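The model shown is predicted, which means the values in this text are computed figures rather than measured ones. Computation of the quantities below employed the complete heavy-atom set of this structure, encompassing side-chain atoms and omitting hydrogens, waters and symmetry-equivalent molecules.
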Amino acid sequence: NEFLVGIEDNESEVQRQEIDGYNFFRVSVPIISENEKLGTLVLHWPTDKLDAEIGKIIRFGIIVFIIIILILGSILYYAYRKNKSNIQIAYYDEYTGLRNNKYLSDYLEKVLRNPRKRNKAIFLLNFKSFKTLEMTYGFSYGNEILKKIANKIRKTLDSDEVLFRIDGNRFVVVLDNYDDQKELNRLVEKLIRSFEIPIKQGPELQYADVQVAIVEIQDRHTSPDKVLQEAILTLSHIKDSLVNQVAFFNEDMQKSLQRQDKIIRVLRKVIDGEDTESFYLEFQPMLDLTKNKIIGFEALARLRIEKLGQIGPDEFIALAEEKLLINELGNHIILLACEFLKKIQDEGFNEITVAVNISGIQLLREDFVKNLHQNLLLSDKVRNSMEFEITESVLLDHYSQVNETLEEIKKMGIAISLDDFGTGFSSFSRLAELNIDTVKIDKFFIDKISDTTERELIISDIISMAHKIGLSVVAEGVEDEQQKSYLKKYGCDIIQGYLLSKPLPEESAISFLRRYEE
């Protein structure tokens with residue numbers, strides 16, 4: 001009767017029952033035909049075999065699960081190790097283990113994104129003697145020194161300060177939560193003092209001379225590049241000759257950079273022929289003291305830029321040399337001087353010469369003389385009225401090469417003069433071997449005529465010695481009659497200076513020449 005409980009229902013059902021101490025599954029299914037229930041089918045299964053099979057399935061599933069977990073764990077561990085290795089390569093320096101340039105960029109990006117409630121700054125440390133050390137002892141030796149430099153910096157810093165190595169001999173320290181510039185200066189002094197103690201590597205002791213550029217992070221800094229650009233700019237303003245090798249960034253440095261950029265842009269346009277107004281020549285007359293006659297002009301380069309005004313030759317010539325534009329600019333100056341020469345020759349002044357300053361970089365180019373030959377403006381008539389001026393500094397390291405080039409230039413009919421004589425290192429014995437025609441005594445010596453007794457002056461000796469080796473003498477910067485009288489008394493050939501005339505624009509120079517002839 002117990003088995004028949006619930007069988008009268010028309011629904012199937014499964015129950016687990018215990019009968020005489022044994023567990024069974026009872027399944028009851030109604031038997032229906034033509035919508036009429038005919039009866040119920042009742043089945044009983046012992047549960048022991050089913051439980052055993054289920055146990056096997058569960059145990060197998062657990063084993064498979066463990067295997068899958070082990071495999072996944074191995075894959076994840078390998079991926080973690082690989083990712084960690086990639087991060088190490090991407091974000092850390094191979095030799096010192098410090099964070100690298102990429103890490104610094106990302107780090108500064110986060111610093112700039114977050115509101116700066118605390119003062120933040122960076123130090124850019126440049127070890128200026130490191131490249132020489134590498135060339136002397138090798139790269140492996142240099143890498144060992146780098147590690148020791150990194151360790152020295154680490155020991156000097158506090159925990160809040162983060163150290164990066166951004167390239168060969170440069171490190172960056174990012175400082176967080178400092179009070180003022182005095183605190184920055186104290187930390188810099190601490191860093192510099194730590195490097196006063198030499199680094200021992202093998203049997204050698206090496207001194208690491210450090211320069212430090214400091215940039216305080218402000219609202220104007222919109223990107224990591226801006227911060228680092230200012231740091232590099234600040235570093236460029238630290239001169240090796242200065243005792244203080246530390247500098248803070250200031251707005252004047254940025255203005256200086258913008259000024260230089262503007263000058264370079266204009267010079268490029270001048271060279272390309274796009275700007276014919278900004279760059280021009282002025283001409284300072286030269287007087288033959290014996291004949292009391294104008295015998296030539298010195299061509300002086302001038303640059304005037306809108307909003308910047310007149311730019312001194314020392315500034316734009318130095319920039320042209322630094323940016324490797326001096327050869328093209330020098331050729332442009334020669335062309336302008338040739339055009340002026342042709343004009344005065346068309347006016348009938350066929351014996352007037354024009355002197356042009358030539359950069360040492362131009363003289364050292366192998367194609368300099370070749371380009372002179374190919375220059376259509378340099379006709380024989382123009383060449384014979386042209387003079388090139390060089391400075392003594394060009395001769396210091398390349399005497400033989402320069403002298404050979406000067407010989408080729410002289411063969412073309414172009415005269416050569418040695419400018420600023422007396423301020424450099426030339427000796428008269430060497431002058432005799434040099435392919436030049438004239439020496440120009442520097443204004444430094446001429447100025448002494450006005451306030452020094454004749455017996456103490458050496459200008460007369462310079463003039464005499466130059467004449468003995470067959471050279472003409474020009475005195476620069478003559479400003480008064482006393483200087484002129486002294487120079488004439490001791491046989492100086494030519495003078496130029498404000499006593500005669502300031503440098504003149506082209507048309508004014510031609511007018512001056514006409515008036516003097518009259």
Side-chain angles (χ1 to χ4, degrees), residues 281-302 313 337 340-341 344 349 351-358 385-392 414-424 426 428 431 436-506 508-518:
L281 298 185
E282 288 186 340
F283 302 89
Q284 187 167 37
M286 302 168 72
L287 177 72
D288 186 317
L289 286 175
T290 305
K291 300 176 182 177
N292 194 31
K293 182 179 180 181
I294 301 297
I295 52 89
F297 295 91
E298 180 181 357
L300 301 167
R302 297 289 184 259
F340 175 72
L341 253 175
I344 60 176
F349 299 106
E351 296 180 359
I352 300 297
T353 63
V354 173
V356 177
N357 289 281
I358 302 296
S385 298
M386 180 73 71
E387 183 177 2
F388 286 169
E389 293 188 6
I390 64 169
T391 59
E392 288 187 78
I414 299 172
I416 308 291
S417 63
L418 185 63
D419 200 10
D420 301 330
F421 181 74
T423 60
S426 292
F428 277 101
L431 279 182
I436 61 172
D437 303 282
T438 305
V439 292
K440 300 187 75 172
I441 302 175
D442 188 76
K443 186 179 184 298
F444 171 80
F445 293 98
I446 306 304
D447 288 342
K448 289 184 176 296
I449 295 173
S450 303
D451 53 18
T452 309
T453 62
E454 284 194 21
R455 191 168 55 183
E456 294 174 326
L457 293 170
I458 63 168
I459 299 174
S460 59
D461 300 310
I462 294 175
I463 296 170
S464 175
M465 292 291 289
H467 285 163
K468 283 181 180 178
I469 56 177
L471 300 175
S472 299
V473 179
V474 178
E476 296 183 289
V478 178
E479 296 181 349
D480 58 46
E481 288 292 342
Q482 182 184 352
Q483 293 170 349
K484 179 182 176 182
S485 298
Y486 173 91
L487 292 165
K488 187 172 183 179
K489 175 181 177 181
Y490 288 101
C492 181
D493 302 289
I494 300 162
I495 63 167
Q496 69 180 94
Y498 282 10
L499 176 64
L500 190 60
S501 171
K502 293 181 179 180
L504 301 167
E506 190 173 283
S508 299
I510 295 173
S511 298
F512 178 89
L513 192 56
R514 289 198 199 102
R515 288 197 307 272
Y516 213 91
E517 286 292 309
E518 291 170 1

Do you know which two heavy atoms are closest between Leu504 and Pro285, and how far apart they sit? CD1-CG, 4.4 Å
Classify the ring geometry of Phe283 against Phe340: parallel below 30°, tilted from 30° to 60°, perpendicular beyond 60°. parallel
Under 3.5 Å, is there a donor-acceptor pair linking the side chains of Gln496 and Gln284? yes
List the steps and the verdict of side-chain contact (heavy atoms from CB on, under 4.5 Å) for Asn357 and Glu298. CA-CA 8 Å; Asn357 289 281; Glu298 180 181 357; 3.1 Å; yes
Determine, step by step, whether Lys448 and Glu456 satisfy the salt bridge (Lys or Arg N to Asp or Glu O under 4.0 Å) criterion, reporting the C-alpha distance in whole Å, the side-chain angles of both residues, the deciding distance to 0.1 Å, and the verdict. CA-CA 10 Å; Lys448 289 184 176 296; Glu456 294 174 326; over 6 Å; no
Taking atom types as modelled, is there a side-chain donor on Gln482 or Ser485 under 3.5 Å from an acceptor on the other? no
Pairing of Glu351 and Lys293 as salt bridge, 4.0 angstrom limit: yes
Please list, chain by chain and in numerical order, all residues satisfying side-chain contact (heavy atoms from CB on, under 4.5 Å) with Ser417, sequence neighbours excluded. Glu387, Glu389, Thr438, Lys440
Is there side-chain contact between Tyr486 and Leu457, with at least one heavy-atom pair below 4.5 Å? yes
Any salt bridge between Lys443 and Glu479, counting N to O under 4.0 Å? yes
For Asp480, is there an ion pair with Lys484 - N to carboxylate O distance below 4.0 angstrom? no
Only one of Leu487, Ile441, Val473 passes side chain to side chain contact (heavy atoms under 4.5 Å, CB included) with Ile495; say which it is. Leu487
Is there a side-chain contact (heavy atoms from CB on, under 4.5 Å) between Ile494 and Leu289? Walk through the geometry before answering. CA-CA 6 Å; Ile494 300 162; Leu289 286 175; over 6 Å; no
Should Arg302 and Glu282 count as an ion pair when the cut-off is N to O under 4.0 Å? yes
Donor-acceptor under 3.5 Å (Asp419 side chain, Thr391 main chain): no
Kindly determine whether Phe297 and Leu513 satisfy side-chain contact (heavy atoms from CB on, under 4.5 Å), including the steps that lead there. CA-CA 10 Å; Phe297 295 91; Leu513 192 56; 4.1 Å; yes
Side chain proximity check, Asp461 to Tyr490, heavy atoms < 4.5 angstrom: no
Non-hydrogen side-chain atoms of Met286 and Val474 separated by less than 4.5 Å: yes
Are Leu300 and Leu281 side-chain neighbours, meaning at least one heavy-atom pair lies under 4.5 Å? no
